[in-house]
There are 2 protein chains.
Amino acid sequence: MSEFFDNWIVQVRKGVLELCILRALENQERYGYELVKTLASVPGLALTEGTLYPLLSRLRVAGLVTARLEESDEGPARKYYALTKEGRRTLADMNDFLDKLNQGTRSLHKLPSL
Amino acid sequence: MSEFFDNWIVQVRKGVLELCILRALENQERYGYELVKTLASVPGLALTEGTLYPLLSRLRVAGLVTARLEESDEGPARKYYALTKEGRRTLADMNDFLDKLNQGTRSLHKLPSL
DNA sequence: GCATGCTACTAGGTTATACAAGGTAGCTGG
DNA sequence: CCAGCTACCTTGTATAACCTAGTAGCATGC
C-alpha cells in the first residue's frame, strides 16, 4: 500500500512486539523457536529469530519471564519461557494503558474543541 | 513504575502518536496549538510542539492531511489541519491492522501450541 | 559421513523518532 | 512599551530497536 502505512507498521511493531510475546505466554510456556513459528501466523507479527531472541533476553533481564532448559525427544534441547508474577503485572499495566489510550482518543472524536 | 514499563511507553508512543492525531482530526478540523493542548488531556499522550509540528508536516507531505491558514479574532493566525480522503483511508487501514493484531494475539491465548 | 532441519544466540548497520532548546512574530493589557 | 500569552517552526541530539547475516550445536535419515 502506501509508503507511509508501511513505515507506520514498522514503528508500531516496536512497541507492540513485546506486548504480543507476553500475551502469547500468558496461558502457557513456550520455547523460542515455537514463538517464531507461532507468531508468523499472525498478520503483521512475522519476526525472525534475530528479532525474537534479543527481545526474550530483555524480558528475562527485566524479570518479566523466566527461562528453563528442557531436553526434547526430537531435536536439540528447548528453552521454555514463562511469565513471572511481575510479568503478569506488567502485562496488565500495558493492557490498561492501551485501553485508556483508546478511550481517550475515542472521546476526542466527539468532544467539542477547546 | 518499572523501568521496563516506562521504556515500553516510549516505544509505543512512536507508533501510536500518528494514529491519535489522525483520530483527533477525524470529525473536525483542528489547529496545531489546539492539538497540543487537547492531547495533553489524554494520559500518555502529552506532547510538545517540537514533537507535533514535525509530525503534522510529515502527514501533510504524505498527503494525509491538508493545512489551511485562517486569521483569528484573538491572537495570531491559526493553521487548521483536516483529513484528506487518503488520510481517512489510511486511518481505516491502521484501525484494521490493530484490530487484526488484537484478534491474532487473543487467539494465541487459547489455542494449543503448534 | 553428510545433508537437512530444529534450536539458540550474537554483532553490526540502518532507520526512524521524540524531545529539548531556541527562534520568530502577532496580539493584548497594564 | 513591555511582559506574557498565543501560535508556528527548525535544528540537533540521543535513544532504541528491528533486521540481516552469520555462528554453533544437536538429531535424524540416508
Side-chain angles (χ1 to χ4, degrees), chain A residues 3-21 29-40 44-62 65-81 101 113-114, chain B residues 3-21 29-40 42 44-62 65-81 113-114:
Chain A
E3 192 179 338
F4 183 88
F5 185 69
D6 293 341
N7 193 358
W8 178 75
I9 296 217
V10 173
Q11 298 309 314
V12 170
R13 287 171 58 83
K14 299 199 184 192
V16 171
L17 269 182
E18 281 160 345
L19 172 63
C20 289
I21 301 295
E29 282 189 318
R30 283 202 161 97
Y31 60 96
Y33 198 71
E34 181 192 1
L35 281 169
V36 174
K37 299 304 178 193
T38 305
L39 293 180
L45 267 191
L47 43 67
T48 64
E49 301 153 29
T51 301
L52 180 69
Y53 287 114
L55 203 159
L56 285 173
S57 201
R58 282 202 300 276
L59 293 176
R60 188 167 37 81
V61 170
V65 304
T66 52
R68 176 177 65 83
L69 204 59
E70 182 177 316
E71 303 200 6
S72 160
D73 289 344
E74 31 197 297
R78 300 163 170 174
K79 200 178 246 180
Y80 282 88
Y81 294 86
L101 205 69
S113 44
L114 298 175
Chain B
E3 192 180 338
F4 183 87
F5 185 69
D6 292 341
N7 195 356
W8 179 75
I9 296 216
V10 172
Q11 298 308 315
V12 170
R13 288 171 58 82
K14 297 200 184 191
V16 171
L17 269 182
E18 281 161 345
L19 172 62
C20 290
I21 301 295
E29 283 189 317
R30 283 203 161 95
Y31 60 97
Y33 198 72
E34 181 191 2
L35 281 169
V36 175
K37 299 304 178 193
T38 304
L39 293 179
V42 179
L45 267 190
L47 43 66
T48 64
E49 300 157 27
T51 301
L52 181 69
Y53 286 115
L55 203 160
L56 285 173
S57 201
R58 284 201 299 276
L59 293 176
R60 190 166 37 81
V61 170
V65 303
T66 52
R68 176 176 64 81
L69 204 60
E70 182 177 316
E71 303 200 6
S72 160
D73 289 345
E74 33 196 295
R78 300 160 170 176
K79 201 177 244 179
Y80 283 88
Y81 294 86
S113 44
L114 300 175

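Below, chains carry the letters A, B, ... as their sequence lines are ordered, and counting in each starts from 1.
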Check your understanding: Checking all strands, does B:Gly50 fall into the base, sugar-phosphate, or nothing category for heavy-atom contacts under 4.0 angstrom?
Key -> base

Exercise for review: Whole angstrom is fine here: how far is it from CG in A:Leu55 over to C1' in C:dA8?
Suggested key: 15 Å

Practice item. Would you indicate what A:Thr48 reaches in the nucleic acid, counting non-hydrogen atoms under 4.0 angstrom: base, sugar-phosphate, or nothing? Key: base

Review point. So, for A:Leu52 and A:Leu35, which heavy atoms are closest and what is the spacing to 0.1 Å?
Key: CD2-CB, 3.8 Å

Exercise for review: Compare side-chain N and O positions of A:Tyr31 against OP1 and OP2 of C:dT7 and report whether any pair is under 4.0 Å apart.
Suggested key: yes

Check your understanding: Nearest 0.5 Å, what's the OH-NZ distance between A:Tyr31 and A:Lys37?
Key -> 10.0 Å

Exercise for review: Return the value, rounded to whole Å, for the distance between atom CD of B:Glu70 and atom P of C:dG26.
Suggested key: 18 Å

Exercise for review: Would you kindly compare A:Pro54 and B:Arg60 by the position of their nearest DNA chain D nucleotide and give the one closer to the 5′ end?
Suggested key: B:Arg60

Review point. Between C:dA8 atom C1' and A:Leu52 atom CG, what is the distance in whole Å?
Key: 10 Å

Review point. Toward the 5' end of DNA chain C, which comes first, A:Pro76 or B:Ser72, by nearest nucleotide?
Key: A:Pro76

Review point. When the nearest nucleotide of DNA chain C is assigned to B:Leu47 and to B:Asp73 on a heavy-atom basis, which residue is associated with the more 5' position?
Key: B:Leu47

Point to revise | Of the listed nucleotides C:dC9, D:dC8, C:dT10, the one nearest the side chain of A:Tyr81 | key: C:dC9

Point to revise | Contact under 4.0 Å: A:Tyr33 side-chain N or O vs C:dA8 OP1/OP2 | key: no

**Study point:** Gap between atom OG1 of B:Thr48 and atom CG of B:Leu39 - 0.5 Å precision
**Key:** 11.5 Å

Practice item. For B:Glu71 and C:dC27, give me the distance from atom CD to atom P, rounded to whole Å. Key: 8 Å

Review point. So does A:Thr51 get a side-chain nitrogen or oxygen closer than 4.0 Å to the phosphate oxygens (OP1/OP2) of D:dC19?
Key: yes

Review point. Base, sugar-phosphate alone, or nothing: which one does A:Tyr80 contact when heavy atoms must sit under 4.0 Å apart?
Key: nothing

Check your understanding: Whole-Å distance between C:dA11 C1' and A:Glu49 CD?
Key -> 16 Å

Check your understanding: Who passes side-chain hydrogen bond (donor to acceptor under 3.5 Å, both in side chains) against B:Glu70, sequence neighbours left out?
Key -> B:Arg68

Practice item. Measure from CD1 on B:Ile9 to P on D:dT15 and round the result to the nearest Å. Key: 19 Å

Check your understanding: Rounded to the nearest Å, what distance is computed from the CG atom of residue A:Leu56 to the P atom of nucleotide C:dT7?
Key -> 14 Å

Check your understanding: Sub-3.5 Å donor-acceptor pair from the side chain of B:Arg13 to the main-chain atoms of B:Ala46, do we have one?
Key -> yes

Review point. Is the closest basic N to carboxylate O distance between B:Arg58 and B:Glu18 below 4.0 Å?
Key: yes

**Study point:** Pairwise distance CZ(B:Arg78) to CD(B:Glu29) - rounded to 0.5 angstrom
**Key:** 12.0 Å

Please produce a list of atom pairs where a protein N or O lies less than 3.5 Å from an N or O of nucleotides 15-17 of chain C.
none

Check your understanding: Over how many whole Å does the gap from A:Lys37 atom NZ to C:dG5 atom C1' extend?
Key -> 10 Å

Review point. Between C:dC9, C:dG26, C:dT7, which nucleotide has the shortest distance from any of its atoms to the side chain of A:Lys79?
Key: C:dC9

Review point. Between OG1 of B:Thr38 and CD1 of B:Ile21, what distance do you get to the nearest 0.5 Å?
Key: 9.5 Å

